[in-house]
Amino acid sequence: QVQLVESGGGLVQPGESLGLSCVASGNIDTIYNMGWYRQAPGKERELVATIDISGNLVIDDSVKGRFTISRDNAKRTVHLQMNSLRPEDTAVYFCYSLMALGRQYWGKGTLVTVSL
């Protein structure tokens, strides 16, 4: 069994920064891809950013230049640094991982609220 546990969500004002972290534990082999998705109220889950085992990035246009993703393979963690946050960034952020044989795992999510 594999678990992904997110941390770091909360309430911030527009323009402020917030960091999210996710750690994977359990019966883990190679983690090929890790990243973050988000789901705003009434909307579908969407990709925010992912990083593969070689460090290749996929970042949604809506967060480019504001969000930075990084991972520590040895610690099985992925981090999302979010700067210049906007109200439209408000969502539940889910950690994601892709492992061998196409196995995908999701965290339970952490709420990020950007509001005055």
Side-chain angles (χ1 to χ4, degrees):
Q1 196 61 282
V2 174
Q3 286 188 323
L4 301 179
V5 178
E6 304 103 334
S7 62
L11 171 64
V12 295
Q13 295 187 358
E16 293 186 338
S17 299
L18 199 62
L20 303 181
S21 294
C22 172
V23 58
S25 62
N27 185 19
I28 297 173
D29 44 39
T30 303
I31 303 177
Y32 290 103
N33 210 331
M34 293 189 83
W36 297 90
Y37 284 68
R38 67 185 180 186
Q39 187 166 17
K43 295 188 177 181
E44 294 187 354
R45 192 173 297 189
E46 62 179 10
L47 179 143
V48 178
T50 61
I51 179 168
D52 71 14
I53 195 170
S54 299
N56 298 306
L57 309 178
V58 175
I59 302 176
D60 187 74
D61 286 343
S62 66
V63 304
K64 278 183 180 177
R66 300 189 297 122
F67 291 11
T68 302
I69 187 170
S70 61
R71 66 185 279 180
D72 185 324
N73 292 327
K75 295 182 179 179
R76 300 170 176 173
T77 58
V78 62
H79 307 278
L80 185 68
Q81 179 62 37
M82 305 182 292
N83 298 328
S84 302
L85 282 161
R86 305 167 180 170
E88 53 264 40
D89 295 319
T90 295
V92 177
Y93 284 70
F94 295 90
C95 181
Y96 163 83
S97 71
L98 174 66
M99 301 185 190
L101 303 178
R103 293 178 297 149
Q104 301 181 52
Y105 298 94
W106 295 90
K108 293 181 179 180
T110 185
L111 178 62
V112 173
T113 303
V114 185
S115 179
L116 291 172

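Note: the hydrophobic cluster containing Val23 does not contain Leu18 (ILVMFWY, side chain heavy atoms under 4.5 Å, direct or indirect links). Under a hydrophobic clustering in which Ile, Leu, Val, Met, Phe, Trp and Tyr are joined whenever their side-chain heavy atoms come within less than 4.5 Å, directly or via other members, Leu85 and Val63 fall into the same cluster. When the side chains of ILVMFWY residues are joined at heavy-atom separations under 4.5 Å, either directly or via intervening members, Val12 and Met82 end up in a single hydrophobic cluster. Tracing side-chain contacts under 4.5 Å through hydrophobic residues (I, L, V, M, F, W, Y), one never reaches Val5 starting from Leu80; they form parts of separate clusters. If you chain together hydrophobic residues whose side chains sit under 4.5 Å apart, Val78 and Ile59 fall into the same group.
Other residues, nucleotides and ligands place more than 12 heavy atoms under 6.0 Å from the CD atom of Gln39. Within a 6.0 Å radius of CD in Glu44, other residues, nucleotides and ligands contribute 12 heavy atoms or fewer. A 6.0 Å sphere centred on CD of Gln1 holds no more than 12 heavy atoms belonging to other residues, nucleotides or ligands.
Pairs engaging residues 46-66 under the ring pair (Phe, Tyr, Trp, His ring centres under 6.0 Å) rule: none recorded [sequence neighbours left out].
Once rounded to the nearest 0.5 Å, the distance linking CD of Gln104 with OG of Ser97 reads 8.5 Å.
Tyr37 has its ring centre no less than 6.0 Å from the ring centre of Phe94.
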Audit row: Asp72, Thr77, side-chain hydrogen bond (donor to acceptor under 3.5 Å, both in side chains) steps and yes/no: CA-CA 5 Å; Asp72 185 324; Thr77 58; 4.9 Å; no

Evaluation steps, side-chain hydrogen bond (donor to acceptor under 3.5 Å, both in side chains), between His79 and Ser21: CA-CA 4 Å; His79 307 278; Ser21 294; 2.9 Å; yes

From CA spacing to verdict: salt bridge (Lys or Arg N to Asp or Glu O under 4.0 Å), Glu6, Lys108: CA-CA 7 Å; Glu6 304 103 334; Lys108 293 181 179 180; over 6 Å; no

Verdict with supporting geometry, Phe67 and Trp36, ring pair (Phe, Tyr, Trp, His ring centres under 6.0 Å): CA-CA 11 Å; Phe67 291 11; Trp36 297 90; over 10 Å; no

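Under the 4.5 Å side-chain criterion, counting only non-hydrogen atoms from C-beta, Val112 is not in contact with Thr90. Side-chain contact between Val92 and Thr110 is absent, with no heavy-atom pair separated by less than 4.5 Å. Counting only heavy atoms from C-beta outward, the side chains of Ser70 and Met34 never approach each other to under 4.5 Å.
Taking 4.0 Å as the cut-off between side-chain N and carboxylate O, Asp89 and Arg86 do not count as a salt-bridged pair.
Heavy-atom minimum distance, Ser17 versus Asn83: OG-OD1, 2.9 Å. The nearest pair of heavy atoms linking Val48 to Tyr93 is CG2-CE2, 4.1 Å.
Checking side-chain atoms of Gln13 against main-chain N and O of Ser115 turns up no donor-acceptor pair under 3.5 Å. Side-chain atoms of Arg103 come within 3.5 Å of backbone N or O of Ala100 as a donor-acceptor pair. Looking at Thr50, its side chain never comes within 3.5 Å of a backbone N or O of Gly35 through a donor-acceptor pair. The closest donor-acceptor contact from the side chain of Arg66 to the backbone of Ser84 lies under 3.5 Å. A donor-acceptor pair under 3.5 Å is formed between the side chain of Arg71 and the backbone N or O of Ile51.
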